[in-house]
Amino acid sequence: MKGSQKFFLFSGLLAASLSSIYGAEKNNDKPNIIFILCDDMGYGDLGCYGQKYINTPNIDRMAEEGMRFTQAYAGSPVSAPSRATIMTGQHSGHTHVRGNKEYWNNVPMMKYGENEDFTVVGQEPYDSSHVILPEIMKKNWYTTGMFGKWAGGYEGSCSTPDKRGIDEYYGFLCQFQAHLYYPNFLNRYSVSKGDTSTVRVTMEENIKYPMYGDDYKKRPQYSADMIHQEALKWIDSQSGDTPFYGFFTYTLPHAELAQPNDSILKYYKKKFFVDKTWGGSEGSRYNPAEHTHAEFAGMITRLDKYVGEILSKLKEKGFDENTIVIFSSDNGPHEEGGADPAFFGRDGKLRGLKRQCYEGGIRVPFIVRWPGKVAAGTVNDHQLAFYDIMPTFCELAGDKKFPKKYINKKLEGDCFDGISFAPTLMGDDESQKKHEYLYWEFHETDQMAVRMGDWKLVVKKKILITCGHRMQC
């Protein structure tokens with residue numbers, strides 16, 4: 001063998017060896033992670049948390065096969081800032097987004113068929129100088145997909161899925177747009193489809209009918225189903241060679257009571273034969289609704305069906321044992337668009353609703369399933385909050401450089417507030433660090449709250465409310 005041939009052979013073997021080592025370092029048996037975050041589901045809306053009217057067999061099975069938390073907290077009593085605490089690893093006293101500030105007001109309108117819609121939509125952007133969760137997952141060699149509500153920046157801003165570590169996105173960039181289940185358009189970012197930025201996808205069949213009024217339900221493109229189908233396709237596209245992180249931010253059961261009149265809804269129409277109607281209100285984003293109890297119950301069971309299909313797809317692909325699946329809600333139950341939380345006991349006996357820093361507005365269902373790793377059928381009272389998710393995912397991914405690696409020294413006061421609850425998941429309660437306190441701010445209604453152990457303090461428009469160990473506030 002000539003010298004040059006030996007050199008190239010050696011180089012090839014060295015490259016292959018380095019590639020093998022590098023690949024092992026990248027993957028290192030990292031678990032796949034899927035986080036399913038629904039919208040406005042109360043602590044008591046699931047069978048495994050005591051709900052008696054609504055069927056949720058798949059999520060209940062998740063609890064039977066995993067760990068159900070009884071003291072898990074959202075980051076805020078409303079959507080955008082709650083999601084911001086997940087993305088930033090900061091509580092709402094530190095994270096930039098602390099309310100539902102929106103950017104669709106006072107912009108020109110455009111036509112979709114005979115329907116007018118906004119030319120720019122979205123919420124206040126995440127701070128571009130502070131790293132967010134999908135960017136960290138990318139640094140840990142994860143393929144990232146997000147399907148559902150973004151709520152972390154408006155169209156054309158510095159913080160849209162294509163700019164913040166998301167490989168594949170489909171859903172509502174703007175949570176205001178997500179108030180309607182049969183929209184004029186959805187948003188997409190897909191490299192495989194040639195997208196270079198987040199784009200609008202017109203719902204061509206929907207825009208043949210008006211956004212409001214009697215013909216609204218003739219619209220056939222139901223956004224919740226469409227978003228879910230894209231999420232399933234994304235799981236199906238994974239090869240298993242690279243770990244994946246899926247953030248499925250489903251809009252059910254939020255606000256507008258609307259869905260296809262299929263077997264799910266028909267079942268509840270029979271069950272709640274005597275039902276309520278909601279005739280709408282002036283200036284409301286939501287269409288009037290008949291059979292409000294049936295509609296609401298059907299939306300939660302529909303969401304439960306989605307969860308069952310995700311678990312089945314993971315098994316079909318052979319990912320089941322190496323995928324951790326988490327289910328939760330972004331805040332407490334709402335009473336908009338005809339929803340009736342009192343009827344369903346949706347607050348799980350907790351005081352308060354969405355937009356309130358009382359327990360009912362921020363304590364949420366939280367279930368973790370990971371076969372063979374998380375003990376099945378366990379119930380845990382560890383106090384965790386959404387800003388704990390980032391450090392937990394980093395620990396599960398083997399990232400030993402969090403948080404130091406991700407602090408931006410050029411950003412004054414940059415920090416992370418979360419504590420990993422991975423030890424709790426692994427059954428190592430003795431090693432589990434605990435928060436000295438949990439903290440919330442909600443700027444739109446001048447509320448603050450802090451929990452220390454079994455004590456809770458709520459500040460509401462400068463009125464102090466102190467609660468004892470029964471945690472009624």
Side-chain angles (χ1 to χ4, degrees), residues 37-45 72-88 90-106 122-127 149 151-154 174-176 178-179 251 253-256 281-286 328-342 346-364 385-387 417 437-452 455-467 471-473:
L37 184 71
C38 68
D39 204 331
D40 289 7
M41 175 183 283
Y43 182 81
D45 277 348
Y73 288 91
S76 172
V78 293
S79 184
S82 187
R83 293 157 194 268
T85 65
I86 296 171
M87 287 293 203
T88 64
Q90 298 173 315
H91 62 55
S92 50
H94 286 148
T95 191
H96 175 68
V97 176
R98 305 185 192 187
N100 276 340
K101 186 175 181 181
E102 297 177 333
Y103 282 81
W104 49 265
N105 267 320
N106 303 315
Q123 275 65 49
E124 185 171 11
Y126 300 133
D127 189 340
K149 185 193 288 188
Y154 58 90
C174 174
Q175 65 185 33
F176 173 77
H179 288 175
T251 54
H254 174 65
E256 181 186 43
S281 61
E282 187 176 352
S284 174
R285 178 70 168 170
Y286 316 120
S328 191
S329 171
D330 65 345
N331 48 247
H334 69 88
E335 53 183 353
E336 301 148 4
D340 188 0
R346 296 184 58 201
D347 57 4
K349 309 303 180 185
L350 302 175
R351 178 184 181 183
L353 301 167
K354 177 182 178 179
R355 296 189 179 86
Q356 298 174 343
C357 284
Y358 299 128
E359 289 292 286
I362 53 178
R363 198 191 296 192
V364 291
F386 276 2
Y387 41 92
D417 297 304
Y437 61 86
L438 298 176
Y439 182 77
W440 299 267
E441 286 183 15
F442 179 36
H443 285 195
E444 289 163 8
T445 55
D446 297 324
Q447 293 179 58
M448 294 186 295
V450 62
R451 176 173 178 178
M452 297 183 69
W455 288 89
K456 176 92 173 285
L457 176 70
V458 176
V459 180
K460 186 177 180 182
K461 294 185 178 178
K462 300 182 181 179
I463 299 173
L464 299 182
I465 303 169
T466 308
C467 295
M471 296 302 300
Q472 292 299 308
C473 77

Under-4.0 Å salt bridge between Arg83 and Asp330
yes
Distance check, rounded to the nearest 0.5 Å: Arg363 atom CZ versus Leu438 atom CG?
11.0 Å
Who pairs with Tyr387 by ring-ring contact (aromatic ring centres under 6.0 Å, His included), at least two apart in sequence or on another chain?
His91, His435
Would you sort out whether His96 and Glu124 count as a side-chain contact (heavy atoms from CB on, under 4.5 Å), showing the intermediate values?
CA-CA 9 Å; His96 175 68; Glu124 185 171 11; 3.1 Å; yes
Between Lys460 and Asp446, does a side-chain contact (heavy atoms from CB on, under 4.5 Å) hold up when you go through it step by step?
CA-CA 6 Å; Lys460 186 177 180 182; Asp446 297 324; over 6 Å; no
With Ala449, which residues qualify under side chain to side chain contact (heavy atoms under 4.5 Å, CB included), at least two apart?
Cys357, Trp440, Lys456, Val458
OG of Ser76 to CZ of Arg355, rounded to nearest 0.5 Å, is 10.5 Å
Considering residues at least two apart in sequence or located in another chain, which fulfil the side chain to side chain contact (heavy atoms under 4.5 Å, CB included) criterion with His179?
Phe176, His254, Arg285, Tyr286
Does either side chain, that of Gln175 or that of Asn100, offer a donor lying less than 3.5 Å from an acceptor on the other one?
yes
Minimum-distance pair of heavy atoms, taken over all atoms of Ala151 and Tyr126:
O-OH, 4.1 Å
Residue pair Phe386 / Ser328, side-chain heavy-atom distance below 4.5 Å:
yes
If you round to the nearest 0.5 Å, how far is OH of Tyr154 from CD of Glu102?
14.0 Å
Go through the structure and list residues passing side chain to side chain contact (heavy atoms under 4.5 Å, CB included) with Asn331, not counting sequence neighbours.
Asp40, Ser79, Lys354
Within the structure provided, determine whether Tyr103 and Pro125 are in side-chain contact (heavy-atom separation under 4.5 Å).
yes
So, for Pro81 and Val78, which heavy atoms are closest and what is the spacing to 0.1 Å?
CG-CG2, 3.5 Å
Listed partners of Glu441 passing salt bridge (Lys or Arg N to Asp or Glu O under 4.0 Å), at least two apart:
Arg98
Asn106 CG: over 12 foreign heavy atoms closer than 6.0 Å:
no
Is any side-chain heavy atom of Pro333 closer than 4.5 Å to one of Met41?
no
Examine the side chains of Arg451 and Tyr73 and answer whether a donor and an acceptor come within less than 3.5 Å of each other.
yes
Residues that Thr88 engages under side chain to side chain donor-acceptor pair (under 3.5 Å), provided they are two or more places apart:
Thr95
With sequence neighbours excluded, tell me which residues meet side chain to side chain contact (heavy atoms under 4.5 Å, CB included) with Gln356.
Leu353, Tyr358, Gln447
Can you measure from CD1 (Ile362) to OG (Ser92) and round to the nearest 0.5 angstrom?
9.0 Å
